[in-house]
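Okay, so here's the structure we're looking at.
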Amino acid sequence: MAEIEDDVGRHKLEKYIALLPGVQAALEEVQFDVAARAEALLLAHRLEGHSSIDVERGDVDRYVILDDERGKKAALSIEFGRAADVVVKKDKDGQPHLVMQSASEGLFILARAANLPKKRKGKVHLD
């Protein structure tokens, strides 16, 4: 019976394969395609705000990020929607007051761009 080593040099076999130049090039191509689709979807829905699509590179993986750090920090609500709520805000004099926040449907920018199923509340499952 043959035995298969699961280490290649200093890496596990999966990481060794993932770090091969051809695999990394394919990941970058997919990342670019998903980011371009996400940017187009975001631009089609943006009325105002500062949200944007960013890309990050990990040791092995590539990430496409819906960033709203400069805006209302609402990336999760933009992606998955939100329920109606009452929030406390401060007026220009620093006095707190209640504001009704209406419900909104999620845009599923990242899920649609990556051809993933739409799932609410951050539960996007890969098939």
Taking everything shown except Asp91 itself, do over 12 heavy atoms lie less than 6.0 Å from its CG?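 Buried by this count: over 12 neighbours within 6.0 Å.
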
More than 12 foreign heavy atoms under 6.0 Å from CD of Glu28: is that the case here? yes

How about [X] and [Y]: do any of their side-chain heavy atoms sit closer than 4.5 Å?
X	Y	result
Lys15	Val60	yes
Lys89	His97	yes
Leu13	Asp7	no
Glu79	Leu110	yes
Leu19	Gln24	yes
Leu41	Leu107	no
Leu43	Glu39	yes
Ile78	Ser51	yes

Any side-chain donor near an acceptor of the partner, Arg57 and Gln31, under 3.5 Å: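 Judged by distance alone, the side chains do not pair up.
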
Considering all heavy atoms of both residues, which atom of Val64 and which atom of Val34 are nearest to each other, and what is their separation?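 Shortest heavy-atom separation between Val64 and Val34 comes out as CG2-CG1, 3.9 Å.
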
Nearest atoms (heavy-atom pairs only) where Ile65 meets Glu56: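 Shortest heavy-atom contact: CD1-CG, 3.0 Å.
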
Between Arg82 (side chain) and Phe80 (backbone), is there a donor-acceptor pair under 3.5 Å? no

